[in-house]
Asker: 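What follows is a single structure, and I will ask about it in a moment.
Quick caveat: nothing in here was measured; it's all calculated off a predicted structure. Counting from 1, the numbers follow the sequence of the chain as shown.
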Amino acid sequence: MDSTRSAGTAVLWLVVLGTLAAGVTAVLVDVPSAALVLASLCVVLAVVRGTDRGVPPAFRARSTAFDVTLLLVAAAALAVLSPAGNLT
């Protein structure tokens, strides 16, 4: 039980640190780069969700296949739309 809890805590810390990294990137570099950081975070989370069975309940939406697909679609959308941040 303890190893599952620590794995879940690590996943939640990954989400927090990835989100903070995207925010810092948006401020220090530019928004398209921050969108790519978020896309990378989504890919990493998809891999974690697809391979790790100790993810916390807050990180699960439905089935593993649904979660992985949703994260990969979000990553692809962010990667494709990231250059649009330079249009403003």
Asker: Same cluster or not: are Leu36 and Leu45 linked, directly or through other Ile, Leu, Val, Met, Phe, Trp or Tyr residues, by side-chain heavy atoms under 4.5 angstrom apart?
Answerer: no
Asker: Hydrophobic clusters here meaning ILVMFWY residues chained together by side-chain heavy-atom distances under 4.5 Å, can you tell me if Trp13 and Leu20 are in one?
Answerer: yes
Asker: Which of these passes side chain to side chain contact (heavy atoms under 4.5 Å, CB included) with Leu78: Leu41, Val73, Leu38?
Answerer: Leu38
Asker: Please give me the minimum heavy-atom distance between Cys42 and Ala74, naming the atom from each residue.
Answerer: SG-CB, 4.2 Å
Asker: Look up atom OG1 in Thr64 and atom CZ in Arg49, then write down how far apart they are to the nearest 0.5 Å.
Answerer: 3.5 Å
Asker: Rounded at 0.5 Å granularity, tell me how far CG in Leu17 sits from CG in Leu12.
Answerer: 11.0 Å
Asker: Work out which heavy atom in Val80 is nearest to a heavy atom in Pro83; give both atom names and the distance.
Answerer: O-CD, 3.3 Å
Asker: Show the nearest heavy-atom pair for residues Ala75 and Val43, with the distance to one decimal.
Answerer: CB-CG2, 3.6 Å
Asker: Identify the two heavy atoms, one from Val68 and one from Ala46, that lie closest to each other, and give their separation to 0.1 Å.
Answerer: CG2-O, 3.5 Å
Asker: In this structure, would Leu72 and Val44 fall into the same cluster of hydrophobic residues linked by side-chain contacts under 4.5 Å?
Answerer: no
Asker: For Val47, which fellow cluster members are found when Ile, Leu, Val, Met, Phe, Trp and Tyr are connected by side-chain heavy-atom distances below 4.5 angstrom, either directly or through intermediates?
Answerer: none
Asker: Could you list who else is in Leu70's hydrophobic cluster, with ILVMFWY side chains joined at under 4.5 Å, directly or through other members?
Answerer: Phe66
Asker: Looking only at heavy atoms, which two atoms of Gly18 and Val37 are closest? And how far apart?
Answerer: O-CG1, 4.2 Å
